[in-house]
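Worksheet: one structure, shown below.
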Amino acid sequence: MSHRLHDIARYIVSPQKGILAADESSPTIKKRFDAIDVESTEDNRRAYRDMLFTTPGVEAFVSGVILFDETIRQKALDGTPFPALLAAKGILPGIKVDAGAKDLAGAPGEKVTEGLDGLRERLVEYRGLGAKFAKWRAVIDIDTAKGIPSDYCLEVNAAALARYAALCVEQEIVPIVEPEVLMDGAHDIDTCDAVTERGLRMLFSALATQRVPLEQILLKPNMVISGKKSPTQASVSEVAAKTIACFKRVVPAAVPGIVYLSGGQTEEVATAHLNEMNRSGGFPWEMSFSYGRALQAAALSAWRGKAENVAAGQAAFLHRARCNGAARSGAYNDAMEKQAA
Ligand code: 5MM
C-alpha cells in the first residue's frame, strides 16, 4: 500500500480542516459571475480565485483546493503559479479531471460522466503541475415517477468512478470519488436515503472489482437530505442521523474520510448539518467538507468583481471556512454567525 497516498488523504481531513471546491468549469463560473454582474473573462476568473487563495489565515481551515484546468495553469497577481502559492500555505492543490456529465445513451433524463480517454496522460501532466489529489463527479438525478435513477445509470457511473480512481492511484494522486445524488427534485429524505445507499453499494463493488485501495481515496457524497421541492423538509438532526446511518451501512471503515458536497444547501445549513454529524459521532471516518457554493456564496457577493472589495470578500470566505472548521468537531454554534454579523 502507498503510505504516501494514505498520508495525503489523512492530511486533507486533518482536524478543523476541509476542502474548498473552486473547480467550477467555464459554464458554471459564468453562471456564478452573471449573478453578480461580472463578466467571465480569464482575468476576472483569475482575480476571483486569487482573492480566495490569498485570504490570510484561511490555511487554518482549508487543507486542499480543487482547481479547474485553467486555474492550475494560472498565476496569482504577484506572478506565483496558483499551485505553488497554495502549497506554500500548506494547502494541497487538487484538480478536477472529469469532462462533465453528458446524456446517457438509451436513458432519457440520465447522465454519465465522461473523461476517461487519455486520463492517464493528463494525470501525469497534472502531477507535474503540482496536483496531489483529483476529483471526478458523477451526477445522479432522482425522478421517481420516471424510475430515475435506473440501475443502468448507477452502474455505468460507478464503473467510470472506479476506473478514474484506479488510474489516479497508479499515478500517485489521491482520488476524490464524488457520486452526487442531486437534491433538486421533490422527493423526500427517505427516497434520497434509498438512492444514496443503492448508488454507494454499486460504487464500492466497482471500486473492489477495479482493485482500488480504499485507504487511499476520499469519498465526496451528498448528504441524505430532502429534495429542494419537497413539501416536507427534514430537520438538521434528521439529516445528520440518516446520513450517518446510511453511510454506516455501505461505506467501509478503511476509507479515511468523507468530505461532503453542499449541493445547493445554504451556507449556514450546510455548516449546521456537518456540525451535527460530528457532534453526534459514532462513525469510523473523518467527516469533513468539500464545499463549493456553501463556502463561496457570501464571498462572491461581497466581491462583485471590484478590487476595493477584496478584503470584504476574503473576510466573508474566512468566516465560512472558520465556521466549517468548527463544524469538524461539533463546535459550531449560532454565536459564531452573530459575532461575524
Ligand atoms: C465547484 O463546483 C464544482 C464544479 O461544477 P461544474 O463541473 O458543474 O462546473 C462541483 O463539482 C463541486 O465540486 C461539487 O459539486 C461540490 O460543490 P457544491 O457547490 O455542491 O458544494
Side-chain angles (χ1 to χ4, degrees), residues 12 18-36 40 45 48-49 51-53 61-72 82 92-103 111-115 122 131 133-142 157 160-161 164 174-185 192 196 199 218-225 227-228 239 243 257-274 277 287-301 317 320-321 323-324 327:
I12 292 172
I19 298 173
L20 164 67
D23 58 312
E24 295 86 357
S25 57
S26 306
T28 303
I29 196 73
K30 181 175 179 325
K31 225 192 303 172
R32 306 275 183 266
F33 279 11
D34 283 350
I36 54 164
S40 183
R45 293 192 291 270
Y48 175 60
R49 267 72 183 243
M51 173 185 82
L52 295 176
F53 304 165
F61 312 110
V62 173
S63 51
V65 174
I66 314 174
L67 304 167
F68 184 54
D69 180 78
E70 175 186 84
T71 324
I72 200 169
F82 277 140
L92 302 182
I95 180 75
K96 183 229 292 295
V97 299
D98 67 67
K102 307 287 159 59
D103 289 345
K111 304 272 181 202
V112 62
T113 301
E114 294 187 349
R122 287 194 292 128
F133 67 99
K135 192 203 85 173
W136 177 291
R137 171 173 170 247
V139 180
I140 310 297
D141 208 352
I142 297 183
N157 276 293
L161 276 164
Y164 140 81
V174 169
I176 295 194
V177 174
E178 180 179 3
E180 175 173 10
V181 176
L182 297 176
M183 59 179 285
D184 292 341
C192 175
T196 302
L218 291 170
L219 179 68
K220 176 168 174 171
N222 53 285
M223 296 174 192
V224 172
I225 199 167
K228 264 191 229 160
V239 169
T243 303
I258 297 182
V259 292
Y260 293 99
L261 58 91
S262 56
Q265 303 175 50
T266 65
E267 292 161 289
E268 294 186 14
V269 168
T271 308
H273 284 151
L274 179 65
M277 287 190 265
M287 279 210 187
S288 184
F289 56 91
S290 176
Y291 293 161
R293 287 162 285 179
L295 272 173
Q296 296 183 53
L300 253 179
S301 3
F317 175 45
R320 276 293 17 112
C323 289
N324 286 302

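Note that ligands are numbered from 1 as they come in the structure, with each ligand's atoms numbered from 1 the same way. These numbers were taken from a predicted model, which means no experiment stands behind them.
Side-chain atoms of V65 and F82, non-hydrogen and from C-beta on, never get closer than 4.5 Å to each other.
The two residues I19 and L295 have their closest heavy-atom pair at O-CD1, 3.5 Å.
For ligand 1, the atoms sitting less than 4.0 Å from at least one non-hydrogen atom of Y291 are 21 (O), numbered in the order shown with element in parentheses. Which parts of ligand 1 touch S25 is read off a 4.0 Å heavy-atom cut-off, strictly below it: atoms 6 (P), 7 (O), 9 (O). In summary, the atoms of ligand 1 found under 4.0 Å from a heavy atom of E180, numbered by their order in the structure, are 15 (O). Short contacts between ligand 1 and L261, defined as distances under 4.0 Å to a heavy atom of the residue, involve ligand atoms 16 (C), 21 (O). Interface of A21 with ligand 1, defined as ligand atoms under 4.0 Å from a residue heavy atom, comprises 1 (C), 13 (O).
For atom 4 (C) of ligand 1, the closest non-hydrogen atom of the protein is K96 NZ, 3.2 Å. Scanning all protein heavy atoms for the shortest distance to atom 3 (C) of ligand 1 gives D23 OD1, 3.4 Å. With respect to atom 16 (C) of ligand 1, the closest heavy atom belonging to the protein is K220 NZ, 3.5 Å. Among all protein heavy atoms, the one lying closest to atom 18 (P) of ligand 1 is S262 OG, 3.3 Å. Nearest protein neighbour of atom 17 (O) of ligand 1, counting heavy atoms only, is G292 N, 3.6 Å. The protein non-hydrogen atom at the shortest distance from atom 6 (P) of ligand 1 is T28 OG1, 3.4 Å.
Contact between G263 and ligand 1 is present, with at least one heavy atom of the residue lying under 4.0 Å from the ligand.
Remark: the backbone N or O of V139 is not paired with any side-chain donor or acceptor of N157 at under 3.5 angstrom. The backbone N or O of V259 sits nowhere less than 3.5 Å from a side-chain atom of Y291 that would complete a donor-acceptor pair. In this structure, the side chain of E267 does not engage the main chain of R320 through any donor-acceptor pair within 3.5 Å. In this structure a side-chain-to-backbone donor-acceptor pair under 3.5 Å is missing from R45 to E70. Listed for the T266 side chain is a donor-acceptor partner under 3.5 Å among the backbone atoms of V269.
In the displayed structure, K30 atom NZ is contacted under 6.0 Å by at most 12 heavy atoms of other residues, nucleotides or ligands.
Atom 12 (C) of ligand 1 has its nearest heavy-atom neighbour, among E24, R293, K30, K135, in K135. Nearest-heavy-atom check against atom 14 (C) of ligand 1 across Q265, K31, Q296, E178 picks out E178.
With D23 as the fixed residue, the salt bridge (Lys or Arg N to Asp or Glu O under 4.0 Å) test singles out one of R137, K220, R49, K96: K96.
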